[in-house]
Every structure is written in structure tokens, then in C-alpha cells.
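Have a look at the structure below, then the notes.
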Amino acid sequence: MRRRAALTAAALAAGLVLTGCSGSGSGAGGAELSVSGPYMPQPVSADMAAGFLTITNAGGARDELTSVSSDVAGRVTMHSTVGGTMEEKTSFVVPAHGRLVFASGGNHLMFEGLKRKPVRGQTVTVRLTFAESGTRTVEMPVKSATYNPTTGH
Ligand code: CU
């Protein structure tokens, strides 16, 4: 009798795990995005600037960054860097349970047609539009031209 009760408990536990899995996989489990570490190095040029940030997806479904805009720029384009050559892209995938990283030397945002020159200490408003999650607004601080996010200065 005792052994049978233990088996029943194990079967129940297994059932609960299975239910939890199918629950998160269907419908409710969309992309869950958060943005971290945004910054813009103070631009050297008067009409163009770069921007960096990380988008983390804690959800079980992928999303796609489809456009970026800002109050300081005529337009913001998205670039990847492949073998030292940068290439404009129309979208970037944010993988499920993964990250999309824009970092110096790699993927980056380019702010073109600057309406004012961003200066260190200021903040630039950036709107990110995603295929599934809609629009997110990020306040991007302007750092020194040589800012390194690893060292923090
Ligand atoms: Cu570029």
C-alpha cells in the first residue's frame, strides 16, 4: 500500500510538470523583452551618431526589431558588422530566451541627420518597434566619445 501511494505521488508530480510545460508553450508565452545598457558615445561628427544597447527576451517566443526612431535624428538605421564591413539591415531577430546585442565593433544603431548634437550628460529618447511586442521607449544616456561599458568610463 505504501509503495503504491508513492507511485501515485510521482505520477501526479509528472503530470503537473507536463501541464506547466504545455501551459507556457501555448498562447500565454510570448516574447518578454527588456532593454539594458543603452548608451550613445558623444558623436565626433555633427550629423551622425552611433547607439548601443542590449535587448533581452525572457519569453518563449522570438520577436523582431523592425524599426528605430529618435527625437534627435532624421532617421535611425540598424547595422550589422560582418568581417569589418558594416551592412544596413531592415530587421534584427530577438531569439526566444536569448539576447540581441548592439555593441561597439558589432551590431549598432546609426542616428543620421542629427537635429542637435548630443552632448555627454544629456539623454536621447529612442523608440524601438518590434513585430510582436509593439513599441518601447528607451532613454539613452550620452557618454564620452571613448566610453567603454565594461569599465564604465
Ligand atoms: Cu553603421
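One-based numbering, in listed order, for ligands and for the atoms of each. Computed from a predicted model, the values in this text were never measured in an experiment. Sequence positions, counted from 1, serve as the residue numbers for this chain.
Distance alone, capped at 3.5 Å, places no donor-acceptor pair between the N107 side chain and the S80 backbone.
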* Asked: What do the steps show when you test M78 against V68 for side chain to side chain contact (heavy atoms under 4.5 Å, CB included), and what is the final call?
  -> CA-CA 8 Å; M78 301 180 277; V68 183; 4.0 Å; yes
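When the ring-ring contact (aromatic ring centres under 6.0 Å, His included) test is applied to F102, the partners found at least two apart in sequence or on another chain are F92. Considering only residues two or more places apart in sequence or on other chains, R136 meets the side-chain hydrogen bond (donor to acceptor under 3.5 Å, both in side chains) condition with none of them.
For the Cu ion (ligand 1), protein N/O/S neighbours under 2.8 Å (waters excluded) are H79 ND1, M86 SD, H108 NE2, M110 SD.
Residues P141 and M40 fail the side-chain proximity criterion, which asks for heavy atoms closer than 4.5 Å.
Annotation: salt bridge (charged side-chain N to carboxylate O under 4.0 Å, His left out) contacts involving residues 120-129, sequence neighbours excluded, are absent.
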